[in-house]
Amino acid sequence: LRDLGAPGPTLQPVVFGRPATGQALEALSGIWSGAGLEVTYQWERCGTVGCAAIPGATGSTYEPGAADAGERLRVVESARVGTSASALTGPVESTPRVVDRPSVAGAPRIGNRLRARPGRWTGENLTLVVEWQRCAPRCSSIGTGPTHRVRANERGARFRIHVRAINSVGTSNAVSDRTRPAR
């Protein structure tokens, strides 16, 4: 008999699902030549330097976690006849998370304009919504936007901002410290 060589995959595996933290991805095995082949899986995290195996991620499904945020993933499938890797996913999206808290810039004086500094956030495709709050002594909403002009009737009140970060994965909130009392 002539040696025909080892049959290999004829189609790469495919990853289904949205690459986002907390949402399961599923690997669909490629088409393999031969019958009854057992396929094993290894999920990999891929950065600018290359891909590395994710410890313990050896099933046909994988749920990205915080360590995967911003990275691309792929699955490598192996059988005794060969190995094949899926295409890379898009970057893994994550729920917004505050890195540097919001703050209020400017002196709280009648007629002055206070400016919102929304802070720094992690996450992809973020929309930041800034809500101004007047605290006298309880805090209540007084509007949205990047600035607030202090009015005469706000003498003695303190101000803060509430920032809501929104993306397709989820929503997170952070609040600044209160300013000094307006004078």
Side-chain angles (χ1 to χ4, degrees), residues 1-103 116-131 141 144-146 160-176:
L1 272 180
R2 212 170 66 169
D3 184 11
L4 297 176
T10 57
L11 180 68
Q12 287 186 328
V14 177
V15 174
F16 286 102
R18 187 164 138 240
T21 56
Q23 298 194 18
L25 297 173
E26 183 175 6
L28 178 61
S29 178
I31 298 172
W32 295 80
S33 301
L37 293 176
E38 185 177 323
V39 176
T40 61
Y41 302 90
Q42 177 61 63
W43 289 86
E44 295 182 340
R45 187 178 298 121
C46 303
T48 56
V49 180
C51 297
I54 301 169
T58 56
S60 62
T61 60
Y62 176 69
E63 187 174 299
D68 301 311
E71 302 287 346
R72 295 175 179 267
L73 303 174
R74 74 176 184 179
V75 67
V76 177
E77 295 180 342
S78 299
R80 66 181 158 77
V81 295
T83 300
S84 186
S86 70
L88 296 176
T89 66
V92 174
E93 296 180 42
S94 61
T95 301
R97 198 179 92 241
V98 67
V99 176
D100 291 323
R101 286 185 55 215
S103 62
R117 292 183 177 156
R120 279 189 329 124
W121 297 79
T122 62
E124 297 71 30
N125 304 314
L126 296 179
T127 299
L128 299 178
V129 178
V130 175
E131 173 190 56
S141 178
T144 60
R160 71 179 186 183
I161 57 171
H162 171 249
V163 178
R164 181 177 301 115
I166 305 162
N167 70 6
S168 61
V169 182
T171 301
S172 292
N173 297 285
V175 178
S176 72

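Predicted, not measured: the structure shown is a model, and the values here were computed from it. Just the heavy atoms: all of them, side chains too, but no hydrogens, waters or symmetry mates, feed the values below.
Considering all non-hydrogen atoms of both residues, Pro55 and Ala53 come closest at CD-O, 3.5 Å. Residues Ser176 and Pro102 approach most closely at CB-O, 3.3 Å, considering heavy atoms. Closest non-hydrogen pair, Glu77 versus Ala27, comes out as OE2-CB, 4.0 Å. Taking both residues in full, the closest heavy atoms of Arg72 and Gly90 are given as NH1-CA, 3.6 Å, listed atom of the first, atom of the second, then distance. Of all non-hydrogen atoms in Gln42 and Ile54, the two that sit nearest each other are NE2-O, 3.0 Å. Contact record, Thr21 with Ala66: CG2-N, 4.2 Å, taken as the closest heavy-atom pair.
Here the straight-line distance linking atom SG of Cys51 with atom CD of Glu71 works out to 9.5 Å at 0.5 Å rounding. Expressed to the nearest 0.5 Å, how far CZ of Arg117 lies from CG of Asp100 amounts to 11.5 Å. Distance OH/Tyr41 to OG1/Thr58: 11.0 Å, rounded to 0.5 Å. Atom CG in Asn125 sits 5.5 Å away from atom CD in Glu93 (nearest 0.5 Å). The distance from the CD atom of Glu63 to the CG atom of Asp68 is 10.0 Å, given to the nearest 0.5 Å. Here the SG atom belonging to Cys46 is positioned 5.5 Å from the CD atom belonging to Glu44, to the nearest 0.5 angstrom.
Side-chain atoms of Ser84 and Val76, non-hydrogen and from C-beta on, never get closer than 4.5 Å to each other. Within the 4.5 Å cutoff, no side-chain heavy atoms of Asn167 are placed close to those of Thr127.
Under the rule for a side-chain contact (heavy atoms from CB on, under 4.5 Å), the partners of Leu128 that lie at least two apart in sequence or sit in another chain are Pro118, Trp121, Val163, Ala165. Scanning for side-chain contact (heavy atoms from CB on, under 4.5 Å) contacts around Ser86 gives Pro13, Val15, Arg74, Val75, with sequence neighbours left out.
Enclosure of atom CZ in Arg97 is not indicated, since only 12 or fewer non-hydrogen atoms of other residues, nucleotides or ligands lie within 6.0 angstrom.
Counting only distance, with no hydrogens or angles, the side chain of Trp43 and the backbone of Pro64 share no donor-acceptor pair below 3.5 Å.
Under the side chain to side chain contact (heavy atoms under 4.5 Å, CB included) rule, Arg18 has a single partner from Val169, Leu25, Val92, which is Val169.
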Go through the steps for Leu73 and Arg45 under the test side chain to side chain contact (heavy atoms under 4.5 Å, CB included), then give the verdict. CA-CA 5 Å; Leu73 303 174; Arg45 187 178 298 121; 4.2 Å; yes
Go through the steps for Ser172 and Val98 under the test side chain to side chain contact (heavy atoms under 4.5 Å, CB included), then give the verdict. CA-CA 8 Å; Ser172 292; Val98 67; over 6 Å; no
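Between the side chains of Glu26 and Thr61, no donor-acceptor pair is found at a separation under 3.5 Å.
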